[in-house]
Amino acid sequence: MPDHDIALMAHLMRRAGFGASRAELEARVAQGYDATVEELLHPERQPALDEDTLYRYFPNLEGPLAPVQAQTNWVYRMINTPRPLEEKMALFWHQLFATGNSKIDNPPELLQQIAMFRRHGLGSFRTLLVELAKSPAMIFWLDNNGNHRGAINENWGRELLELFSMGVGNYSEDDIKEASRAFTGWTIGPKLPRLPLGRFYWSFLYKPEDHDDGEKTFLGHRGRLNGEDIIDIVVQQPATARFLARHLYNFFVADEPQVPSWNITPPGNPEAIQTLEQAYNESNYDMRAVLRVLFRSDFFTQARFARVKSPAELVIGTVRLAGSFAAPRLGFQDLAWECNYQGQELLNPPSVESWHTGQEWIDGGALVRRVNFAAKFLGDASLPGIRAIIDALRARGTLSPAEFVDGCLDLLGPLEVSEQTRRELLAQAEEDGDLRWDTEQEARAAAQRVGVMLALIGASREYQFA
Amino acid sequence: MASTSADPVVVVLQLTGANDYLNTVIPYTNPLYRDNRPNVGVPEDKVLPIDDTLAFHPNMGPVKRLWDEGKVAIIHGIGYANSPRSHFRSMDIWHTCEPDRVGTEGWAGRVIRDLDPKGENVLKGVNFGQGLPRAMVVRGVPVTSVSDLEAYGVLTGVPAISGEQEKARVLERFARMYAPAIGTGSVMDYLGHTGQDVLKGVDILKTAPQQYASTVQYADTPVAKNLRNVAQVYLANLGTQLFYTAHGSFDTHFNQVPMHNKLWIDVSTALENFFDDLRAHDAGDNLIMVLFTEFGRRVHDNGTGTDHGAGGVAFVIGNRVKGGMYSEYPSLRPADLQQGDLAPNYDFRGFYSTVVQKWLGLDPVPIVGGHFEQLDFIS
């Protein structure tokens, strides 16, 4: 049976990061689960990603980037960050506060937004919402630059309440209007035109003369409310605690139905949601505190393989397992394209409602790509991570077909598979008998058999889950 | 996938990057054209005249030949109001028929859904290229996307799997791993069905290159390769009614002359190969091809190229197309331009509507989101 602690640590690292090699898992198990959670929750205690190396090898990933270059920049960071949870939270916030390059048309500016998620993603939700309201990409995405005193534009005001905090059904149309009034004047400085000098960062600009300073009533509160006041009121709402808790559950614990049905479909685990709400309220809206409670809850530790991997998780998790992109080399951009082809264009969600997750990541086209991608990497014995698995199996000596299959499942995860899948993997192993390493020739043949077995596991239905 | 070879077929060829209208269908005798294009204007003695006022780009010889056979419809001034002139936004608009909000469903996906409401034929709509275009995405509608027909398959390109025998063995395992099983939950069931559908599609598609034989030597370009794949699947009569593929980039901001020349050599040659191939097989009466781009380009050139514009041109090619010009060439007079660009005068959703209703026999209103003027280019 696979070691209990290793399986749990693998689960934590898949959820709180993008997966970890066996060596890393063993080191973290020695450190202990709670200590690992603390380390993850405090990314500032780890060194930041070495940008000097990144930009020395890839000078084209700095500066006025085309969309795929910005995606590549982020893919590199997701694979190589020494701060997994910081990076995973940036992805969480990107999926929640979905801002798309199809309208922004300024990939470097979107990377600025992601950097802001790194800086503030584990802190106060209130602070994060204020930063979001000032994010030039968000202002332009939701037209707040067109929201004027005397002529409001409701887009940001609406989505702030509907998609970013409280959820449908918890406020009125009047609340939206009043919130929009409060955010008048929150705009961006003039944008430099793209030609002839390229893309430049935008800037937040507060225009007091365009701000509607009049009396407003928002969710029962009266006053000359400005944007920050709206956010203060919003973060206190029970609906916000509940909505955010549900998003965290959906991203870190187990797939929920799609967000648009949340006002009519109850959560899969109401007690878990309540636990998270409580943590949110008691900690004064501190994300770190909420996640600490989440990672240490039974509902989390027991929710193994309860989520369909997003394309980013599948691509990045697989290459981290295979150990093939640990240092600068050609091919990072191909990984960004692969996420695109699998249906998740980083920095370009299809709309402010973001990608549909869970089962909806998968359709016929995506499934072929996911299967072929995983099999191609896991079935490549020349890659360091696969080499390590082969060596680990070899160290165990001659293996029976069952030991061979279980060994592969253990070293790739540990992964859990159904009876049906295991039966087929076993049948595959039994066709060639015991796995032997006694002679040069046997060892070569064994390595190839391991490659095929790992490829089959990567192609399995179970591998689609994290 | 029961269907007769008489079912109507559409091939969508997307010209990605904004093809330059003014240098594709050229108002070669208009002095305003010369004035505005001091650097990238096509010389009058090089163009391929259609009539006294308009001509094709010099490298569109094959298109001109098809035009002379009465098989090419030119749709002038196509577009939509208030173009943001952004590639991504504009292409999204063409894909989703939503100029004013961000749409997530594709028009072609809706077509496929209406052609095959029960989703019985996973090959009803096939894309050739990497990654599915948004035009073909509608939740719940199975669509097939193939980057390379000859290499399409599951578990292709795995280094450890060597030889056809091993490959077949592994695929058999895969099929059994994805077989339906009781009690594994709805997502696992869904994955099982999807995997099985994929295998079915792969098996069926495999027969297309196997059955295909042709005297036509397609050019060695990506667009010709994709159209050859289209021809192979079309001729194999697998029930596909919508094909989608793309070529680019037409985004000729700099160095337009040689770039645009090459683009149109490649596209025209591929079109010639494709239609010759259909003719050689005595096929194609039930097929039309539509070519579109996300917008045209700026009237005045920028020194070596052109910047983003608005009004553009689309084409429809096929045996059952009523060749000719439709809609109007927008005026080049400065007072008539929009921000220096040709003003569109024909809504692209009317273009789609014509194809959807007159060719495919479907109700266009739910597909394009409204009633739009149709043109008479289908016979």
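The figures that follow rest on heavy atoms only: side chains count, while hydrogens, waters and symmetry mates do not. All values derive from a computational prediction rather than experimental measurement.
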Q. Between Glu338(A) and Gln342(A), is any side-chain donor less than 3.5 angstrom from a side-chain acceptor?
A. yes
Q | Engaged part of Arg369(A) at the chain B interface, taking heavy atoms whose separation is under 4.5 Å | A | side chain
Q.
What I want to find out is whether Lys206(B) reaches Asp203(B) closely enough, with some N-O distance under 4.0 Å, to be called a salt bridge.
A. yes
(Q) Looking only at heavy atoms and a cut-off of under 4.5 Å, which of Gly451(A), Ala366(A), Ser460(A) has the most pairs with chain B? (A) Ser460(A)
Q) So which part of Gln464(A) gets closer than 4.5 Å to some heavy atom of chain B, the side chain, the backbone, both or neither? A) side chain
Q) So, Asp301(B) side chain and Val40(B) main chain: donor-acceptor pair closer than 3.5 Å or not? A) yes
Q.
Quick check for you: among Val198(B), Leu155(B), Val170(B), Val202(B), which has the greatest number of heavy-atom pairs under 4.5 Å with chain A?
A. Leu155(B)
**Q.** Contacting region of Leu456(A) [heavy-atom separation from chain B under 4.5 Å]
**A.** both
Q: Go through Gly364(A), Pro350(A), Pro67(A) and name the one with the most non-hydrogen pairs under 4.5 angstrom from chain B.
A: Pro350(A)
Q. Looking at Asp255(A), Asn372(A), Val452(A), which one has more heavy-atom pairs under 4.5 Å with chain B than the rest?
A. Asn372(A)
Q) Quick one: of Asn101(A), Val368(A), Asp363(A), Ile362(A), who has the most non-hydrogen atom pairs under 4.5 Å with chain B? A) Ile362(A)
**Q.** Among Arg89(B), Glu166(B), Arg176(B), residue most engaged with chain A (heavy-atom pairs, under 4.5 Å)
**A.** Arg176(B)
Q) What distance separates Gln339(B) CD from Arg298(B) CZ, expressed to the nearest 0.5 Å? A) 7.5 Å
Q. Is there side-chain contact between Asp391(A) and Arg387(A), with heavy atoms separated by less than 4.5 Å?
A. yes
Q | CZ on Phe97(A) to CE on Met138(A), rounded to 0.5 Å | A | 7.0 Å
Q) What part of Ser90(B) gets closer than 4.5 Å to chain A, counting heavy atoms only: side chain, backbone, both or neither? A) neither
Q.
Can you tell me which portion of Glu172(B) sits under 4.5 Å from chain A's heavy atoms? Options are side chain, backbone, both or neither.
A. neither
**Q.** Region of Val308(A) in contact with chain B, defined by heavy-atom distances below 4.5 Å
**A.** side chain
**Q.** Engaged part of Ala447(A) at the chain B interface, taking heavy atoms whose separation is under 4.5 Å
**A.** neither
**Q.** Heavy-atom contact with chain B under 4.5 Å, split by part of Leu425(A)
**A.** side chain
Q: Please determine if Arg173(B) and Glu431(A) form a salt bridge, counting it only when a charged side-chain N lies under 4.0 Å from a carboxylate O.
A: yes
Q) Using non-hydrogen atoms only, which part of Tyr190(B) is less than 4.5 Å away from chain A: side chain, backbone, both, or neither? A) side chain
Q: Identify which of His253(B), Arg134(B), His87(B) forms the greatest number of heavy-atom pairs closer than 4.5 Å to chain A.
A: Arg134(B)
Q. Are Asp105(A) and Lys191(A) close enough for a salt bridge, meaning some N to O gap below 4.0 Å?
A. no
Q: Tell me, for Asp380(A) versus chain B, whether the close heavy atoms (under 4.5 Å) come from the side chain, the backbone, both or neither.
A: both
Q) With respect to chain A, which residue among Ser186(B), Gly201(B), Pro159(B) yields the maximal number of heavy-atom pairs within a distance under 4.5 Å? A) Pro159(B)
Q.
Just so I understand: if I count every heavy-atom pair under 4.5 Å between each of Arg423(A), Lys376(A), Gln420(A), Glu419(A) and chain B, which residue has the most?
A. Gln420(A)
Q. Under a 4.5 Å heavy-atom cut-off, does chain B meet the side chain of Phe373(A), its backbone, both or neither?
A. neither
Q | Which atoms of Thr144(B) approach chain A - backbone, side chain, both or neither, heavy atom under 4.5 Å | A | neither
**Q.** Segment of Ala381(A) engaging chain B (4.5 angstrom heavy-atom cut-off)
**A.** neither
Q | Side chain / backbone / both / neither for Asp197(B) at chain A, heavy atoms under 4.5 Å | A | neither
Q) Does a side chain donor of either Glu462(A) or Ser418(A) reach within less than 3.5 Å of an acceptor in the other side chain? A) yes
Q | Exercise: do Thr421(A) and Glu424(A) side chains pair donor with acceptor under 3.5 Å | A | no
Q: Would you give the length of the straight line joining atom NE2 of His95(B) to atom CZ of Phe292(B), rounded to the nearest 0.5 angstrom?
A: 4.5 Å
**Q.** Main-chain N/O of Ala466(A) paired to Glu313(A) side chain as donor or acceptor, under 3.5 Å
**A.** no
Q: Counting only heavy atoms closer than 4.5 Å, note whether Asn127(B) contacts chain A via side chain, backbone, both or neither.
A: neither
Q: Return yes if some donor-acceptor pair links the side-chain N/O of Gln130(B) with the main-chain N/O of Tyr341(A) below 3.5 Å, else return no.
A: no
Q.
Just so I understand: if I count every heavy-atom pair under 4.5 Å between each of Gly458(A), Gly358(A), Ala455(A), Ala427(A) and chain B, which residue has the most?
A. Ala427(A)
(Q) Check this for me: does any side-chain nitrogen of one of Asp143(A) and Arg158(A) sit under 4.0 Å from a carboxylate oxygen of the other? (A) no
Q) Does Glu159(A) reach the main-chain N or O of Trp156(A) with its side chain, forming a donor-acceptor pair under 3.5 Å? A) no
